[in-house]
Amino acid sequence: MENQSKKTVFSGVQPSGNLTIGNYLGAIKNWKQFEDDYNSLYCVVDLHAITVRQEPAELRRRTLETLAVFMACGMDVSKNTLFVQSHVSAHAELAWVLNCYSMFGELSRMTQFKDKSQKHANNINAGLFTYPVLMAADILLYQTDIVPVGVDQKQHVELARDIAQRFNQTYSDTFIVPEPYIASSGTKIMSLADPTKKMSKSDENANATVRILDSKDDIIRKFKRAVTDSGSEVRFSEDKPGICNLMTIYSCFSGKSFEDIEKEFEGRGYGDFKLAVGEMCADSLSPIRDEFAHLLSDKAYLENVAKEGAQKASYLAQKTLSKVYRKVGFLAK
Ligand code: ATP
Ligand code: LTN
């Protein structure tokens with residue numbers, strides 16, 4: 001099972017909508033590189049998703065679909081443990097303990113909490129506030145060394161480090177102190193409708209996001225409509241957030257540098273460029289779309305992947321949880 005000499009990598013995605021190219025480029029695409037050298041665990045974080053209201057039947061469907069997207073993106077189930085957060089009760093149990101080692105002040109400073117409380121002003125529930133503590137529990141349960149995420153999650157991983165250090169100082173070494181892993185590009189893909197805002201899978205404006213599973217026609221149409229800046233030159237410059245975002249997306253999918261992209265589209269205008277980005281993106285995602293359809297035709301197989309993943313994860317999680325319970329002074333069963 002787990003190889004003691006290997007380091008551990010852990011990450012998660014909420015089943016709160018259909019996954020976007022932001023989730024792909026900022027997170028999932030970077031996971032594959034770890035599968036041979038690390039104990040790797042990837043989790044569909046359904047407990048996190050209910051911090052915002054979800055329709056129960058949709059949440060259930062999306063949870064399995066998110067697992068299928070992980071696999072369609074190339075995550076090999078014989079090398080990676082893929083599972084659903086609510087299937088491993090230790091996440092909620094450790095989160096409770098860590099709540100008692102997390103400070104009101106530090107949670108109040110989390111930018112995601114501030115953003116989401118603005119967005120969901122009629123439902124600022126306690127779960128939204130303690131969301132980063134549950135995330136710390138996810139990470140610390142597996143003695144994780146690295147956490148590959150988009151740049152929006154860096155602050156949460158830093159909080160997980162602070163909580164781990166605080167606990168270790170109080171009770172002697174218990175947790176590995178994790179490091180965030182932020183790739184060199186694609187770590188913050190912006191909305192196509194407003195390039196000053198992060199692309200987010202729960203955005204209600206369908207034209208703002210490109211989904212991993214969108215059809216080629218939809219992808220091309222969305223890029224055609226993408227909000228760009230005044231001017232017509234394809235150039236990477238701070239005063240052109242819309243073009244910078246499209247250049248980033250094109251570069252991530254094609255592997256071309258910004259310089260090469262500028263040369264390629266010299267004198268050609270935005271229309272040509274948008275079409276090329278749309279085609280590049282749609283063609284790169286097409287094998288993922290096909291594999292997803294294939295995987296989804298066998299739900300029993302997917303459910304079995306989740307079941308086996310949860311068994312492996314539970315075994316590892318329980319080791320850490322028992323250690324924590326002993327250290328804080330809970331009576332042995
Ligand atoms: P929601 O809209 O429900 O808040 P989200 O689209 O922000 O969801 P998460 O499930 O919160 O997605 O994030 C999963 C992973 O994808 C995280 O590692 C996160 O950093 C990354 N990620 C999310 N959006 C982007 C983006 N626009 N660019 C790059 N990475 C992203
Ligand atoms: N909060 C993350 C999702 C998440 C996560 C994690 C990421 C939950 N638990 C543990 C990495 C490690 C987000 O992307 N919003």
Side-chain angles (χ1 to χ4, degrees), residues 8-31 40-54 58-59 62-63 66 69-70 73 83-86 88 91-92 94-95 98 110-113 115-120 127-128 130-142 144-161 163 178-205 208-212 245 248-249 252 313 317:
T8 296
V9 58
F10 181 98
S11 197
V13 175
Q14 302 182 73
S16 47
N18 295 324
L19 271 57
T20 70
I21 56 169
N23 302 131
Y24 178 65
L25 299 175
I28 304 172
K29 182 170 173 262
N30 303 310
W31 295 352
S40 349
L41 297 109
Y42 299 103
C43 184
V44 183
V45 293
D46 52 352
L47 299 176
H48 278 107
I50 62 161
T51 54
V52 169
R53 284 288 167 267
Q54 305 289 339
E58 281 229 327
L59 179 62
R62 284 203 194 115
T63 299
T66 304
V69 171
F70 289 179
C73 289
F83 69 105
V84 176
Q85 190 183 31
S86 64
V88 181
H91 289 249
L94 181 62
L98 296 184
M110 294 294 117
T111 54
Q112 181 177 296
F113 173 66
D115 290 351
K116 294 225 165 168
S117 353
Q118 262 186 7
K119 240 167 114 184
H120 305 278
L128 201 59
T130 59
Y131 177 113
V133 183
L134 176 59
M135 177 162 162
D138 298 342
I139 297 168
L140 302 180
L141 262 181
Y142 299 98
T144 300
D145 296 279
I146 53 167
V147 187
V149 280
V151 80
D152 63 308
Q153 293 302 310
K154 188 163 178 247
Q155 193 186 32
H156 286 165
V157 181
E158 276 160 5
L159 180 72
R161 289 173 59 85
I163 297 172
E179 297 276 350
Y181 173 92
I182 317 271
S184 55
S185 65
T187 65
K188 193 170 186 189
I189 301 298
M190 309 309 276
S191 155
L192 294 194
D194 176 358
T196 61
K197 252 179 56 190
K198 183 186 87 125
M199 185 182 285
S200 164
K201 71 170 108 66
S202 55
D203 199 318
E204 276 155 20
N205 177 356
T209 58
V210 175
R211 318 279 179 187
I212 299 176
N245 189 38
T248 303
I249 295 169
C252 285

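The first residue of the sequence shown is numbered 1, and numbering continues consecutively from there. Order of appearance sets the numbers: ligands from 1, and atoms from 1 within every ligand.
Using a 4.0 Å cut-off between heavy atoms, K188 contacts ligand 1 through its backbone alone, with no side-chain atom that close. Using a 4.0 Å cut-off between heavy atoms, I139 contacts ligand 2 through its side chain alone, with no backbone atom that close. By the criterion of a heavy-atom distance under 4.0 Å, neither the backbone nor the side chain of L134 is placed next to ligand 2.
Taking 4.0 Å as the cut-off, S191 does not count as a neighbour of ligand 1 on heavy-atom distance. By the 4.0 Å heavy-atom criterion, V13 is counted among the residues contacting ligand 1.
Of the listed residues (S16, P180, G12), the one carrying the non-hydrogen atom nearest atom 3 (O) of ligand 1 is S16. Closest to atom 6 (C) of ligand 2 by heavy atom, among Q14, Q112, Q85, M135, is M135. Nearest to atom 13 (O) of ligand 1 by heavy atom, out of N23, V147, V149, is N23. Of the listed residues (S11, G12, S200), the one carrying the non-hydrogen atom nearest atom 4 (C) of ligand 2 is G12.
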Mind running side chain to side chain donor-acceptor pair (under 3.5 Å) on D138 and Q85 for me, showing each step along the way? CA-CA 8 Å; D138 298 342; Q85 190 183 31; 3.0 Å; yes
Check against side chain to side chain donor-acceptor pair (under 3.5 Å), S16 and K201: CA-CA 7 Å; S16 47; K201 71 170 108 66; 3.1 Å; yes
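With salt bridges taken as basic N to acidic carboxylate O contacts below 4.0 Å, one links D203 and K197.
Checked against a 3.5 angstrom limit, the closest N/O atoms of D138 and ligand 2 fall inside it. In terms of polar-atom proximity, defined here as any N/O pair under 3.5 Å, H156 makes no such contact with ligand 2.
The distance from ligand 2 to the heavy atoms of V45 drops below 4.0 Å at these ligand atoms: 8 (C), 9 (N). Interface of F10 with ligand 2, defined as ligand atoms under 4.0 Å from a residue heavy atom, comprises 10 (C), 12 (C). Of all atoms in ligand 2, listed by their number and element, those nearer than 4.0 Å to a heavy atom of V147 are 11 (C), 12 (C). Close contacts of ligand 1 with K116, meaning ligand atoms under 4.0 Å from a residue heavy atom, involve 1 (P), 3 (O), 4 (O). Contact atoms of ligand 2 toward V149: 7 (C), 11 (C) (distance under 4.0 Å to a heavy atom of the residue).
The neighbour count for L128 CG, taken as heavy atoms of other residues, nucleotides or ligands under 6.0 Å away, is above 12.
Here the heavy atom of the protein found nearest to atom 24 (N) of ligand 1 is K198 NZ, 3.2 Å. Of all protein heavy atoms, the one lying nearest to atom 31 (C) of ligand 1 is G22 O, 3.4 Å.
Counting only distance, with no hydrogens or angles, the side chain of H91 and the backbone of L134 share no donor-acceptor pair below 3.5 Å.
The shortest heavy-atom contact between V88 and A317 is CG1-CB, 4.1 Å.
For the pair L192 and M199, the minimum side-chain heavy-atom distance is below 4.5 Å.
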